[in-house]
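What follows is one structure encoded as structure tokens, with my remarks underneath.
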Amino acid sequence: MRTTSAIGLVTLAAVLASCRQREQAANPATTPDTALVVADSFRTPESVLYDAALDAYLVSNINGSPFERDDNGFISRLGTDGRVVELRWIDGADTAVTLHAPKGMAISGDTLFVADIDELRLFDRISGRPLGSRRVATARFLNDVTVGPDGTVYVTDTGLRPDFSVGPGYVFRFDRRGRAEGYLATESGPNGIVADSSGVTVVMWNGEVMRGAARAWSRLPSVAAQLDGLVRLADGTLLASAWADSSVYRLAPSDTAWTRLVGGLPSPADIGFDTRRGRLLIPIFQGNRVEIRPLAP
């Protein structure tokens, strides 16, 4: 009798394990070590941002040319299972919203900041309601935005021209009155940016990486050309995406050179990071999809 019960328990365990395997195969998001590809009507996705408070992913969609003032950009909201909650959560087609070519995003408190050509647009992070904008009169191609520990907002102007050649670029920061002031001028094409307790780190379109504190800038190791997105992990490790060789690179605080983390990613734009699940969030700019990949320890 005991032998029969043991066999029955083993059989039941095997059946349950088989059911779990079938469920994971049907829903890749439930498998933590498997990459998840989301391709659900995105239109030139440029940036993915993890909203930790809402436990959701936001995707900015340029929807056409990154230079055009066509008011047809939109921001999608995804669940962490990869399912689209609302494709056009914030939509330039809405008469109450102006959104031309949304790129980098950042959150501070209940405000979502979005870089849009020559304006930094502000939205309520809960409702998506417009909260106004901050114009940068001299900007040509506002690209990424970050908020420092003290609440200072920084935005990059890559200086890209319509033929994708690089002209004069800048890092701007906003004073307490919301006015932009120059923080760095360079022709290297400033793109992804992160502000933290160590200062401001910027990756450049030409492959350079710079870190500044109180306007004193130093160079970090360079990496592949056409750098786009940048994130900083809790331990100080930097992750950067590179168009030149379709990769994401890693630089730990003790490293003297970047190492390739992921390859085979054509046009990886402004990456994000899910701090709760350890996931790398990668918008594939020219592929109209987002890839969600677990980050290996």
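Model, not experiment: these values are computed from the prediction. In this chain, numbering begins with 1 at the start of the sequence shown.
- The minimum heavy-atom distance linking Thr138 with Phe172 is given by the pair OG1-CZ, 3.6 Å.
- Taking every heavy atom of both residues into account, Arg250 and Asp255 meet most closely at O-OD2, 4.5 Å.
- Distance CZ/Arg125 to CG/Leu58: 8.5 Å, rounded to 0.5 Å.
- One distance of note links CD1 of Ile75 with CG of Leu87; it measures 12.0 Å at 0.5 Å rounding.
- Sorted by first then second residue, the side chain to side chain donor-acceptor pair (under 3.5 Å) pairs that include residues 228-237, not counting sequence neighbours, are Asp196-Arg232, Asp228-Trp243, Asp235-Thr237.
- Looking at Val136 and Asp157, their side chains never come closer than 4.5 Å, going by heavy atoms from C-beta outward.
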Check step by step if side chain to side chain contact (heavy atoms under 4.5 Å, CB included) holds for Ile284 and Phe42.
CA-CA 10 Å; Ile284 304 301; Phe42 296 129; over 6 Å; no
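- Thr158 places a side-chain N or O within 3.5 Å of a backbone atom of Pro190 that can act as its donor or acceptor partner.
- At a threshold of 4.5 Å between side-chain heavy atoms, the hydrophobic network of Ile, Leu, Val, Met, Phe, Trp and Tyr places Leu251 and Val209 in one connected group.
- Val84 and Val290 fall within the same hydrophobic cluster, where Ile, Leu, Val, Met, Phe, Trp and Tyr residues are linked whenever their side-chain heavy atoms come under 4.5 Å apart, directly or through other members.
- By the 4.5 Å heavy-atom criterion applied to side chains, Asp51 and Leu49 are not counted as neighbours.
- Both Leu36 and Val59 belong to a single network of hydrophobic side chains, linked directly or stepwise wherever heavy atoms of I, L, V, M, F, W or Y lie under 4.5 Å apart.
- In the hydrophobic cluster analysis, where Ile, Leu, Val, Met, Phe, Trp and Tyr join through side-chain heavy atoms closer than 4.5 angstrom, Ile282 is grouped together with Leu239.
- Each of Val97, Thr98, Leu142 was evaluated against Arg121; a single residue qualifies, Thr98, per the side-chain contact (heavy atoms from CB on, under 4.5 Å) test.
- With Asp71 contributing its side chain and His100 its backbone, the two residues share no donor-acceptor pair below 3.5 Å.
- Atom CG of residue Leu54 and atom OG1 of residue Thr80 lie 11.5 Å apart, to the nearest 0.5 angstrom.
- With sequence neighbours left out, the salt bridge (charged side-chain N to carboxylate O under 4.0 Å, His left out) criterion links Asp245 to Arg260.
- Side chains of Tyr50 and Arg279 form no contact here, defined as non-hydrogen atoms less than 4.5 Å apart.
- Within the 4.5 Å cutoff, the side chain of Tyr57 has no heavy atoms near those of the Val38 side chain.
- Residue pairs meeting the side chain to side chain donor-acceptor pair (under 3.5 Å) criterion with at least one member in residues 179-188, sequence neighbours excluded, are Arg173-Glu181, Asp175-Arg179, Thr186-Ser188, Ser188-Asn206, Ser188-Glu208.
- More than 12 heavy-atom neighbours from other residues, nucleotides or ligands sit within 6.0 angstrom of CZ on Arg215.
- Leu295 is listed as a side-chain neighbour of Leu261, based on a closest heavy-atom distance under 4.5 Å.
- Using modelled atom types, no side-chain atom of Thr201 and backbone atom of Arg211 make a donor-acceptor pair closer than 3.5 Å.
- Note: Ser247 OG to Gln226 CD = 12.0 Å, rounded to the nearest 0.5 Å.
- The backbone N or O of Asp144 lies less than 3.5 Å from a partner atom in the side chain of Thr156, making a donor-acceptor pair.
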Could you give me the CA-CA distance, side-chain angles and deciding distance for Ile90 and Arg77, then say whether side chain to side chain contact (heavy atoms under 4.5 Å, CB included) is met?
CA-CA 9 Å; Ile90 300 174; Arg77 186 163 55 182; over 6 Å; no
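- Of all non-hydrogen atoms in Arg83 and Asp81, the two that sit nearest each other are NH1-OD2, 2.8 Å.
- Within the 3.5 Å criterion, the main-chain N or O of Gln286 finds a donor-acceptor partner in the side chain of Ser267.
- Remark: side-chain polar atoms of Asp118 are not paired, donor with acceptor, to backbone N or O of Ala139 under 3.5 angstrom.
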Walk me through it: do Trp217 and Val200 pass the test side chain to side chain contact (heavy atoms under 4.5 Å, CB included)?
CA-CA 9 Å; Trp217 292 88; Val200 179; 4.2 Å; yes
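- How far CD1 of Ile62 is from CG of Leu99: 10.0 Å, rounded to the nearest 0.5 Å.
- Listed by first then second residue, pairs satisfying ring-ring contact (aromatic ring centres under 6.0 Å, His included) with a partner in residues 108-147 read Phe67-Phe141, not counting sequence neighbours.
- Side chains of Tyr249 and Leu227 form no contact here, defined as non-hydrogen atoms less than 4.5 Å apart.
- Interatomic distance, Ser133 OG to Arg135 CZ, rounded to the nearest 0.5 Å: 9.5 Å.
- The minimum heavy-atom distance linking Ile271 with Val231 is given by the pair O-CG1, 3.4 Å.
- Here the closest non-hydrogen pair linking Leu281 and Ile292 is CD2-CG2, 3.9 Å.
- No donor-acceptor pair under 3.5 Å is formed between the side chain of Asn61 and the backbone N or O of Asn63.
- Counting only heavy atoms from C-beta outward, the side chains of Phe285 and Asp270 never approach each other to under 4.5 Å.
- Gly229 approaches Val203 most closely through the heavy-atom pair O-CG2, 4.1 Å.
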Enumerate donor-acceptor pairs with a distance under 3.5 Å from any side-chain N or O in residues 101-110 to protein atoms, sequence neighbours excluded.
unit_1	atom_1	unit_2	atom_2	d
Lys103	NZ	Pro66	O	3.0
Lys103	NZ	Ala101	O	3.1

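- Taking the side chain to side chain contact (heavy atoms under 4.5 Å, CB included) definition, one finds that Leu131 meets it with Thr111, Leu122, Asp124, Arg129, sequence neighbours left out.
- Cluster annotation: Val202 is connected to Tyr154 through the hydrophobic network of ILVMFWY side chains, with a link wherever side-chain heavy atoms come within less than 4.5 Å.
- At a threshold of 4.5 Å between non-hydrogen side-chain atoms, the residues Leu220 and Trp258 do not count as touching.
- With Ser47 contributing its side chain and Ser60 its backbone, the two residues share no donor-acceptor pair below 3.5 Å.
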